[in-house]
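Below is one structure, written out as structure tokens; the observations come after it.
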Amino acid sequence: MRRIFLFSVFITVHTCLFAQKNRVASPAALIPLPVAASWTSSSAFITANAEIKAMAGLEKEAALLREYIGAAVNRPSANRQAAIILSLDTVQVKQPEGYLLNISAPQIKLTAHDAAGIGHGIATLRQLWHPATAGGLVVPGAVITDYPRFAYRGMHLDVGRHFFSVDFVKQFIDQLAFYKINNFHWHLTDDQGWRMEIKKYPALQSVSAWRAQTMIGHKKELPHRFDGKRYGGYYTQEQIKEVIAYAAARHINVIPEIEMPGHALAALAAYPSLGCTGGPYKTAEFWGVFDDVFCAGKDSTFIFLQDVLDEVIALFPSTYIHIGGDECPKVKWKQCAACQQRMKAQHLPDEAALQSYFIRRISDYVRSKGRRIIGWDEILEGGLAPGAVVMSWRGVEGAVSAAKQQQQVIMTPEDELYFDHYQSLYPEEKTAAGGYTPLEEVYAYEPLKAAGDTALLPYISGIQGEIWSEYLSTPEHANYMIYPRLQAMAERAWSPMQVRNYDQFTRRLEALTGNGYTTWHEINYALDSLAKGKLYVSLRSQLKGATIRYTTDGSTPVAASPAYKGRILLTRSCTLQAMLFVQGKPVGRLFHQPFEIYKSTGALITLQQPPNTKHNGDATTLVNGIAGTHRFNDQQWLGFSARDLHAFIDLGSKQEIKLLGANVLNYHWQRMWEPASLSFEVSADGKHYERVAVADSFPVNGINQIRLSIRPVQARYIKVTAVNKGVIPAGGYGAGGNSMLLADEIIVN
């Protein structure tokens, strides 16, 4: 660990400079950070025709290295070149995928436990080299010992919602190899498109791979809007073989996902007899979870899926076959005679047990072919199939449950590792799925700490980042969302647990990628403290050498605007605007955050019951002067499930009140329902209350800003009650489950 610390300091202060005549190189930043590294004053030079000596069996790795060198060398070199030696030694390098990289002027020696370790060592070498002034590539002298923390290091790509070309997939795989990620989870089927050629069922290509049109905007926006353009595509089996071979050459395992029993609309559109009702069905045109799923009562369903899996298994050498298993509504099963007969014949108590039967039957078939299934954590419902691997995405509960059954877990938590979430709260961000997962949160994720019980740790195989493509219609936008969060996840998956320095990581990231300004540099704010009628706000940015300048009068900051030097006191409603300036010139996007100060702002507030959803926080969130946005990912909303909101506010003294209000969020597609009613009561003494205002209409699909004018009244205490809507009614998204009541800023004026 001392070596890791010294390496970190070394990179941070950037002390190693080129010596005279370019004989000593400056080491590039490394991501993920290696287990141990020491540096020498010598340098090695690599030319286009560098001698590569490879042990028998490493010919493919040597050829790939030569390809990388050819792409990196921009002109001939006059320097004396170093020989590169590739070898395997399981005694010298004991850890699977581990390597020892020794760089000196006469030779570069890469010794590894296995061929995968050679691949990882080559990735490190590629991160270290850079063009030399005299031509060729220069590499700093070093001795690097390295091996992975987790055996499973994965990255997911959804091509069902939006289709990505083979070239894009290959570029994606290149990045996985560069950052030592060894599993590519290829999400090939969903309600909105089937992306893999299945020769036995040609309608999966002609029908299921296409949808009539695609939704515009976010699914929470009603009414849904569409572009009217046919959309689709699929990979031929030859293209899939090409991708698998490309990944294998880079020691990346490709895991296919064929969704079942839910997310099946595209398949049902082509083969409607596989559904409970027989259709008609159509490939989904908007995002969400749909009630029509594969029928669990018909043997024809399993024959179809086994035929599909036969072709999948014949193509993919992966030990693991992902079968989804998530978000499968049971509505149609409850109404289906065949499903009910299946439950009776199998003595299944409910539809959750029927799902377990479905998964177990598929798992048994996959195991009969010498493979194992992976599923999202819903495959735990009704009982976990023996040997199944669980991807725990809804938190840690699924991981803990599977580990207690001594079955393997891959940590894929939505809050920390879903890269389709916003990475910036700036309003200019393009539409994303929801949530807010900045780079810092990804880097801070610790899977073993999240799991809790240390006895369960041996069952955690690793971690994986997810990129769902509902709102990623172009390669450019996909790349914007994937990177640099992929790099942060890669370091958490590979580097030792003790390596955890976000500032130092971002400096390495900047040096490695060349990005001078990205979202992680942007201005962010914090509400430092809250007092009656007063807000103390601080601003921060990680952009080195930048000055933050701000205004509160509505004007855009300029070079002459006040420089931020410490927390800002706000005593009136305003919009705080700020801009980064480097050498007197503005850089990046304008930061702007409204603050509203009412009589209730900073007042003493208590809740009868705390929020009990992931939208949580303390009661002061309701009186902090910061309104929650329509993206509901800014930690300004409090969410209540199966309970009402009861808030009590003490203004500190008797005051005249003319206006009462609150913001409530109404997005049925997110299970967020308006309250049945919102009422306000006032009191002068805290004992005798009078109801003065009630709202029972919340027509806006989105934020309902309730503002109720009342006759002037003298009061010190305010009681606010929002009655939860309760169980989601039939026909609503998530019918039968509890709705969420989301509320924000309580207004007293």
Side-chain angles (χ1 to χ4, degrees), residues 525-538 552-554 567-577 592-608 611 615 617-630 632 634-638 640 645-665 674-675 677-686 689-695 698 700 702-722 741-749:
Y525 80 100
L527 182 60
D528 282 349
S529 61
L530 179 66
K532 186 69 173 67
K534 296 179 181 179
L535 306 177
Y536 292 90
V537 179
S538 62
T552 58
D553 61 2
R567 65 181 191 171
I568 302 166
L569 170 62
L570 302 177
T571 58
R572 59 179 178 81
S573 297
C574 68
T575 295
L576 175 61
Q577 299 195 115
H592 46 102
Q593 173 62 47
F595 295 91
E596 297 291 339
I597 296 181
Y598 308 103
K599 291 182 183 292
S600 50
T601 304
L604 180 65
I605 182 172
T606 58
L607 296 175
Q608 182 174 309
H615 304 279
D618 61 41
T620 59
T621 303
L622 298 175
V623 292
N624 66 3
I626 306 169
T629 69
H630 71 285
F632 57 84
D634 45 26
Q635 300 178 330
Q636 296 302 320
W637 295 95
L638 297 187
F640 301 83
L645 163 65
H646 295 281
F648 303 89
I649 297 175
D650 179 359
L651 298 178
S653 62
K654 191 186 299 183
Q655 300 180 42
E656 184 178 73
I657 298 171
K658 298 180 180 179
L659 180 73
L660 294 163
N663 297 337
V664 294
L665 198 53
E674 69 281 8
S677 65
L678 173 67
S679 63
F680 298 85
E681 300 171 66
V682 299
S683 171
D685 58 10
Y689 282 87
E690 175 190 4
R691 178 173 292 187
V692 294
V694 178
F698 308 89
V700 177
I703 300 175
N704 284 263
Q705 297 180 322
I706 305 303
R707 305 292 184 267
L708 304 173
S709 297
I710 63 171
R711 59 176 176 77
V713 60
Q714 294 290 321
R716 172 177 173 174
Y717 303 96
I718 296 92
K719 184 188 297 184
V720 183
T721 302
L741 165 64
L742 263 69
D744 185 34
E745 213 61 14
I746 295 176
I747 296 162
V748 180
N749 239 14

Check for a donor-acceptor pair, side chain of W637 on one end and backbone N or O of T621 on the other, with a separation under 3.5 Å.
no
Hey, does the side chain of E745 reach the backbone of G628 with a donor-acceptor pair shorter than 3.5 angstrom?
no
Sidechain-backbone polar pair: D650 side chain, A603 backbone, donor-acceptor under 3.5 Å
no
Whether over 12 other heavy atoms sit under 6.0 Å from Q635 CD
no
Q636 pairs by side chain to side chain donor-acceptor pair (under 3.5 Å) with which of T629, D744, N624?
N624
For A627 and D634 the tightest heavy-atom approach is O-OD2, 4.4 Å
Give, for atom CZ of R716 and atom OG of S653, the distance between the pair rounded to the nearest 0.5 Å.
7.0 Å
To the nearest 0.5 Å, atom CG of L535 lies from atom CG of L569 at 8.5 Å
To the closest 0.5 Å, what do you measure between NE2 (H592) and CD (Q577)?
7.0 Å
Quick one, T552 and T575 - any side-chain contact, counting heavy atoms below 4.5 Å?
no
Look up atom CG in N704 and atom CG in N663, then write down how far apart they are to the nearest 0.5 Å.
9.0 Å
Heavy-atom distance under 4.5 Å between the side chains of V748 and L660, does that happen here?
yes
I need the full list of salt bridge (charged side-chain N to carboxylate O under 4.0 Å, His left out) pairs touching residues 568-577, with sequence neighbours left out, sorted by first then second residue.
none
Within the side chain of D618, is there an N or O that forms a donor-acceptor pair under 3.5 Å with the backbone of T620?
yes
Just verifying a value: how many Å separate L708 CG and I747 CD1, rounded to the nearest 0.5 Å?
10.0 Å
Closest approach of H630 to I703 (non-hydrogen atoms, all atoms of both residues):
N-CD1, 3.5 Å
Side-chain donor/acceptor of S600 to backbone N/O of I746, under 3.5 Å
yes
Spacing of CZ belonging to F648 relative to CD1 belonging to I605, to within rounding of 0.5 Å
10.0 Å
V682 and F680, any side-chain heavy atoms less than 4.5 Å apart
no
Looking only at non-hydrogen atoms, find the nearest pair between Q593 and I626 and report the distance.
NE2-CG2, 3.5 Å
Please report the shortest heavy-atom distance between E656 and P712, naming the atom on each side.
OE2-CB, 3.7 Å
With sequence neighbours excluded, residues passing side-chain hydrogen bond (donor to acceptor under 3.5 Å, both in side chains) with S679:
none
With a 4.5 Å cut-off on side-chain heavy atoms, are K719 and Y717 touching?
no
Can you name the nearest heavy-atom pair linking D528 to R567, along with the distance?
OD2-CB, 3.7 Å
A side-chain contact here means heavy atoms from C-beta on lying under 4.5 Å apart; do I649 and L651 qualify?
yes
Are the side chains of V623 and T601 in touch, meaning some heavy atoms are under 4.5 Å apart?
no
Which salt bridge (charged side-chain N to carboxylate O under 4.0 Å, His left out) pairs, counting each pair once, include a residue from residues 702-715, with sequence neighbours left out?
E690-R711
Do side-chain atoms of K532 reach the backbone of K599 as a donor and acceptor pair under 3.5 angstrom?
yes
Between I657 and I718, is any pair of side-chain heavy atoms under 4.5 Å apart?
yes
4.5 Å side-chain heavy-atom contact, Y598 and L659:
no
What one should report as the nearest heavy-atom pair of A722 and L678 is CB-CD1, 3.9 Å
